[in-house]
K.L.:
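Mind having a look at this structure? Questions to follow.
Order of appearance sets the numbers: ligands from 1, and atoms from 1 within every ligand. On a predicted model such as this, the values are computed, not experimentally measured, just so you know.
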Amino acid sequence: MCGIVGFTGTRKAAPVLIDGLRRLEYRGYDSAGIAVADGEKINVAKVKGYVKNLSEMTHDGADIEGVLGVGHTRWATHGAPNDINAHPHMSADGRFAVVHNGIIENYAALRSELTARGVKFLSDTDTEVVAHLLELYYDGDAKRAFMKAAARLEGSYSLGVVCLEGPGRLFAMREQSPLILGLGVGENYFASDVAALVPHTKNVIYLDDGEFAELTPDAVTVYDVRGREVVKPVSRVTWDVEAAEKGGYEHFMLKEIMEQPACFKATVEPRIQDGRIVFENFDLSEAELHSIDRIIITACGSAGYAGQVGRYVLEELCRIPVAVELASELRYRNPIIDEHTLLIVISQSGETADTIAAMRECKARGARALAIVNVVGSTIAKLADHVIYTWAGPEIAVATTKGYTTQVAVLDMLAIYLADRLGLMEKARYDALIEALHSMPGKLQRALDLNRNVKKLAKMFKNQSSIYFIGRNLDYAVCMEGALKLKEISYIFAEAYAAGELKHGTIALIDQGSLVVTLACHEPLFEKTMSNIEEVKARGAEVLAVALEDNKQIVSKADYFLKVPRTDPILNPIAQVIPLQLFAYYIAKERGCDIDKPKNLAKSVTVE
Ligand code: G6P
């Protein structure tokens, strides 16, 4: 969703800001703009469409004078995507330019109040009220105006503000929407996402809610909501700029699919010490552990589907009831939760609005929250009682791949860890699972290498209007993610069904030419799944089976075959999803889709 960048230094700001915006493109947006102060005025360039348009309009920023400014990629919430609604927004006197992420919930009331004072609004956005409030409260001190304006705002927002005072002043604020400060040498930066900072610096400060900062080329000063200076720790970003670039791949999605063996290793290996699973920030006492009587997993999208895999594994190994709840439902559902509930919150970005709200709701009812998150310092990580980071590195493609598999890897480890601590796992089984974890990167590489035929299959099925995914138990959980991958990047209707449920409705849709992707890796129910294959074939469907590579039986039944290496059954979903990711990727490619930036979707959904 929306992205913010800010820069102050001694070189031209506009090219730096435009480069920063390019690095935030992956988040999804519909317009882009910059505002740069040149000492006499604030120069604004903004346009509907891509950063490329902004770059062409300004000759990559060369046309714009000034050494400090802000930039923005907008994903429309209030007002259509067009040049006028694009950020930055200016105060009428031209003194302030504002960029904003999030939603100002009381903007309608503020707009009426300002209109009554004679302010003329140019845009339909909620953001514009901020620019006018700044002008209203300006009495010669930009910091005071900034604080007074911020005090009037309700909702979630991060702000970047340029003020034409002296040589120009630059402010950044965080309130329930991410904002990170980057510390350079003779220049300083801010951004809503670390991806825009790493080309310049790895030294960052994560602002907390209600904090704001003033940046000059030589200093960054952080204040609390009342304007008192706050001393903040400087954190070091662990990944480098190459991690957020394509590295020779045609799409980020393909690069990220290919990175999965390495990501799995990065997630898992450091947490196995002397043959035992160790979590850095999950230290339940015996009493706390034994008091857990249920687990609720909450998340959105693929993170929720990772949770579905987690449910099977946690219940199987730990014998604790587990429910997976969509965050957008849970937050409004008056859930039955108390201090005996372990809430597992899963999120790649750590910033998904519904997930945050559901988490707050459950915590208010006493649940202990364990977050499984990729982005360090994100809101969900900050709110949680415990955090296990997935350490997958930056994920740029909107459709998650390595984000999902590392979430499942953490859930698997967590289940093994809890089962062991609860005394439910024999040593031999524990040791075998640790061994299996060690061997997984090799297995995942094999899952990538085994399925060379996937491109051919993609060509064959690229014009399919709908594709059904069926499976049982863990296979069913993986189907959900496989179907989501396909629909979000190829725009083919795809849905997952529990194979045994098919005959209660969905089978009415199956006929000549239907394609049914059947996951058949869960061996205890293999025969049952085979019967489901018979059922759909009898109605004319073609079957693309996803099965263990040494499974000979399925070859005679299925029309086509994607292979999965044999791993411990508990861990198998991570290997199984890989051919499905590749299948979705190559079908989308055949169809000429914008794979990394699917239409209407955003990487991180920070609004409800
Ligand atoms: C968006 C993304 C999905 C993601 C979901 C949850 O819809 O497009 O890929 O699964 O948000 O995101 P999170 O960052 O909370 O994992």
K.L.:
Looking at Leu21, is its backbone amide N or carbonyl O close enough to the side chain of Thr73 to form a donor-acceptor pair, meaning the two atoms are under 3.5 Å apart?
P.N.:
no
K.L.:
As a test of reading the model: which residues have a non-hydrogen atom less than 4.0 Å away from ligand 1?
P.N.:
Cys300, Gly301, Ser302, Ala303, Ser347, Gln348, Ser349, Thr352, Val398, Thr400, Ala602, Lys603, Val605
K.L.:
Taking only residues two or more places apart in sequence, or in another chain, which ones meet Asp475 in a side-chain hydrogen bond (donor to acceptor under 3.5 Å, both in side chains)?
P.N.:
Gln576
K.L.:
Would the Phe279 and His386 ring centres measure less than 6.0 Å apart?
P.N.:
no
K.L.:
Looking at Asp385 and Lys363, is there a salt bridge between them, counting it only when a charged N and a carboxylate O are closer than 4.0 Å?
P.N.:
yes
K.L.:
If the condition is side-chain hydrogen bond (donor to acceptor under 3.5 Å, both in side chains), which residues does Thr379 pass it with, not counting sequence neighbours?
P.N.:
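Applying side-chain hydrogen bond (donor to acceptor under 3.5 Å, both in side chains) to Thr379 gives Arg174, Glu351.
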K.L.:
Which residue pairs pass the side chain to side chain donor-acceptor pair (under 3.5 Å) test with at least one member in residues 198-207, sequence neighbours excluded?
P.N.:
Asn203-Arg236
